[in-house]
Protein chains: 2
Amino acid sequence: MMVLTAALALADEGGLEELSMRAVARRLGVTPMALYRHVGDKGALLDGLVEVLLAELPMSGASAGWRGRLGDMAAGLRATARRHPSVFPLLLLRPAVTPGALRVRAVVDDALREAGLPESEVRRAERMITTFVIGFAASESGGRFSAGPAELDAEFAWAGDRLLEAVLGEAWGR
Amino acid sequence: MMVLTAALALADEGGLEELSMRAVARRLGVTPMALYRHVGDKGALLDGLVEVLLAELPMSGASAGWRGRLGDMAAGLRATARRHPSVFPLLLLRPAVTPGALRVRAVVDDALREAGLPESEVRRAERMITTFVIGFAASESGGRFSAGPAELDAEFAWAGDRLLEAVLGEAWGR
DNA sequence: ACCTGAACACCGTTCAAGT
DNA sequence: ACCTGAACACCGTTCAAGT
């Protein structure tokens with residue numbers, strides 16, 4: 001949808017405070033009220049932007065192996081946060097029940113099952129992993145960390161390993 | 001400062017979208033422009049609110065032991081998120097260099113040192129822990145999780161233990 | 001189906017002026 | 001020192017009307 005791509009471009013260029021219905025309309029060469037036929041509401045527009053981010057996430061095929069798929073997903077979320085730093089934090093504020101959020105959850109859940117984690121532990125392990133990854137990516141792209149990018153690369157990899165050890169416990173070789 | 005308490009009350013009652021300079025002024029029985037003598041800017045007002053949240057955090061004395069102090073800090077952050085769900089997520093978006101943020105970091109760093117973690121690992125361990133705790137609290141209070149509060153209580157405790165095992169590694173008894 | 005004009009009730013912020 | 005009035009350039013959204 002063209003409205004969403006115009007809105008995303010605006011947010012990327014000027015932050016959420018530059019993202020107004022009127023500015024989107026201006027960029028599309030149209031009257032503000034014309035948008036309401038396509039998007040319903042400003043809240044719906046923000047929800048739509050979050051979905052665009054999640055839809056952009058590259059999904060590696062099953063050939064990658066569970067560890068590779070988890071790593072790709074984490075790296076993808078981090079890259080998305082860097083590409084769209086103003087929109088990304090909204091991920092933490094909306095219920096994870098949209099198609100995009102469910103898709104991410106399914107990838108993580110499947111990988112954890114394939115790693116041998118008992119079904120009873122999959123849900124909480126998935127929440128722990130995605131909470132950390134999204135929190136890290138949002139913190140980094142929002143400037144909360146003071147460390148440089150190279151240091152954060154290493155730290156993110158280290159934290160991922162530690163988190164998997166912690167979550168998989170004796171289900172994995174430690 | 002009275003401006004900040006009025007602003008916090010507004011945000012708690014109606015969310016960030018109800019928080020305007022004009023509404024704060026209305027609540028204080030004053031003209032909007034009067035605020036600018038006290039707070040400089042709407043951005044500064046939001047920063048001030050984050051600092052109020054961090055200042056509210058109860059700090060347990062050294063008598064608690066490092067594990068107790070970490071647990072208290074995590075519980076305190078989570079309680080703060082539930083009390084002020086609209087303001088809390090701003091914590092993830094601002095550089096952690098304000099007095100309040102430094103205070104939290106100092107508590108975590110000291111506890112980790114006392115637990116025997118080598119100085120070279122303290123910084124990244126602190127980032128991992130606070131990122132997870134703040135991400136979890138923001139997710140929970142923002143409604144991202146679908147689980148109920150009792151389940152999340154247990155999960156938070158479990159995740160805290162796992163995270164400490166992961167971060168302290170052989171520096172701690174596992 | 002899709003878009004527009006006019007309107008309403010709001011914003012943040014500046015500046016000169018008042019006490 | 002602290003507050004106000006008037007003003008400027010914006011918002012989101014509704015509603016009736018146009019093609």
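When reading the values below, keep in mind they use all heavy atoms of this one structure, side chains included, and skip hydrogens, waters and symmetry mates. Every chain is numbered from 1, with letters handed out A, B, ... down the list of sequences.
Between A/Arg22 and A/Ala34, the residue anchored closer to the 5' end of DNA chain C is A/Ala34, taking for each the nucleotide with the nearest heavy atom. Take the nearest nucleotide of DNA chain D for B/Met33 and for A/Tyr36: the residue whose nucleotide is more 5' is B/Met33.
Using a 3.5 Å distance cut-off with no hydrogens or angles, the side chains of A/Thr131 and B/Arg144 do pair a donor with an acceptor.
Below 30°, between 30° and 60°, or above 60°: for B/Phe132 and B/Phe156 the angle between ring planes is below 30°, a parallel geometry.
B/Thr31 places no side-chain N or O within donor-acceptor distance of the main-chain N or O of B/Ala34, the cut-off being under 3.5 Å. Under the 3.5 Å distance criterion, the side-chain polar atoms of B/Glu126 are left unmatched by any main-chain donor or acceptor of B/Val108. The main-chain N or O of A/Leu54 is found under 3.5 Å from a side-chain atom of A/Arg103 such that the two form a donor-acceptor pair.
Applying a 4.0 Å cut-off to non-hydrogen atoms, the residues of residues 9-21 of chain B that approach DNA chain C are B/Ser20, B/Met21, listed by residue number. Heavy-atom distances under 4.0 Å link DNA chain C to B/Asp41, B/Lys42 of residues 37-45 of chain B, given in residue order.
Comparing the same atom, C1', in D/dA16 and in C/dC2 gives a spacing of 15 Å after rounding to whole Å.
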For this session: Go through A/Arg105 and A/Arg127 one step at a time and tell me if the side-chain contact (heavy atoms from CB on, under 4.5 Å) criterion holds.
Result: CA-CA 9 Å; A/Arg105 191 165 87 191; A/Arg127 274 196 288 260; over 6 Å; no
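When the side chains of ILVMFWY residues are joined at heavy-atom separations under 4.5 Å, either directly or via intervening members, A/Leu16 and A/Leu4 end up in a single hydrophobic cluster. By the criterion of side-chain heavy atoms lying less than 4.5 angstrom apart, applied directly or through intervening Ile, Leu, Val, Met, Phe, Trp or Tyr residues, B/Met73 is grouped together with B/Trp158 in one hydrophobic cluster. Hydrophobic clustering, with ILVMFWY side chains joined whenever heavy atoms are under 4.5 angstrom apart, keeps A/Met33 apart from A/Leu28. Hydrophobic cluster membership is shared by B/Met59 and B/Val52, with clusters built from Ile, Leu, Val, Met, Phe, Trp and Tyr side chains linked at under 4.5 angstrom.
The side chain of B/Arg26 places an N or O atom within less than 4.0 Å of a non-bridging phosphate oxygen (OP1 or OP2) of C/dC11.
Secondary-structure stems of DNA chain D, taken as three or more successive Watson-Crick or G-U wobble pairs (i with j, i+1 with j-1) under a 3.5 Å distance threshold, comprise C:4-8 with D:12-16, C:12-16 with D:4-8.
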